[in-house]
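Here the structure comes first, spelled out in structure tokens, and everything after it is commentary.
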Amino acid sequence: LDIMDPIHGFMSTSNISHNTNLMIAAAAATTTTTSSSSSSSGGSATNQLSRYENQKRRDWNTFGQYLRNHRPPLSLSRCSGAHVLEFLRYLDQFGKTKVHMQICPFFGHPNPPAPCTCPLRQAWGSLDALIGRLRAAFEENGGSPETNPFGARAVRLYLREVRDSQAKARGISYEKKKRKRPPQAPLPPPHQPGISNSPNLQ
């Protein structure tokens, strides 16, 4: 499995129909709308989930919908790292990040001065966060860490290659910047006892 094949090649060989694409996109939009409306309607603070938990639940439901509409349908127990890679490539069609191709004059340009015809992709940071949420959701739903397909080596390698290729194409460094420690104020001089000016008593 060549994990760096372009999304167009993947979609031409995928068994997922156009109707399935629309169903999953609609399901994701529906869950997003439902979540936002429920959070704005108020309610008990103990019943409200955090933004991370809501997003994790939506991601898990979307992945489950993907498995159910796969041809042939896949059960979670049969899901492997290869299927996770298919899912990530499938999501590229909904991406909003311009990733320049090597033949593009703006390849490696962080701020292109004009539009181009390069495809839109899911940003590496979005995919990395998505896999983190799905990896946690898998184990929260009874999966074993040893069989977690979202933690497979192939998935880690894919994310690393996406990060490196997008960094070159977009001219953006993903290296974490080291925090600069604020300069420490100089320590005050040690306290010296004052000299008494009182005369010595005989």
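For clarity, every value in this text was computed on a predicted model and none was experimentally measured. Sequence positions, counted from 1, serve as the residue numbers for this chain. The basis for the numbers below is simple: all heavy atoms, side chains too, and nothing from hydrogens, waters or symmetry mates.
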Testing the basics here: between [X] and [Y], what is the closest heavy-atom pair and its distance to 0.1 Å?
X: Cys79; Y: Val84; answer: SG-CG2, 4.3 Å
X: Gly95; Y: Leu120; answer: O-CB, 3.4 Å
X: His109; Y: Asn111; answer: CE1-O, 2.6 Å
X: Tyr52; Y: Arg133; answer: CE1-CG, 3.4 Å
X: Gly108; Y: Pro110; answer: O-CD, 3.5 Å
X: His100; Y: Phe107; answer: O-CD1, 3.5 Å

Please examine the side chains of [Y] and [X], heavy atoms only from C-beta on, and report whether any two atoms are closer than 4.5 Å.
X: Asp128; Y: Val162; result: no
X: His70; Y: Glu86; result: yes
X: Arg57; Y: Asn54; result: yes
X: Glu140; Y: Lys56; result: yes

For residues 142-154, please give each side-chain donor-acceptor pair under 3.5 Å, one per line with the distance, not counting sequence neighbours.
| residue | atom | partner | partner atom | Å |
| --- | --- | --- | --- | --- |
| Ser144 | OG | Glu146 | N | 3.3 |
| Ser144 | OG | Glu146 | OE1 | 2.5 |
| Thr147 | OG1 | Ser144 | O | 3.3 |
| Asn148 | OD1 | Phe150 | N | 3.0 |
| Asn148 | ND2 | Arg135 | O | 3.0 |
| Asn148 | ND2 | Glu139 | OE2 | 3.2 |

Task: Under 4.5 Å side-chain linkage, directly or through intermediates, the cluster mates of Ile103 - done: Met101
Open item on the list: I'd like to check the side chain to side chain donor-acceptor pair (under 3.5 Å) partners of Arg68; sequence neighbours left out, ordered by chain and number.
Closed with: Gln65
Open item on the list: Name the residue from Asn61, Leu67, Asp59 that meets the side-chain contact (heavy atoms from CB on, under 4.5 Å) definition with Phe63.
Closed with: Leu67
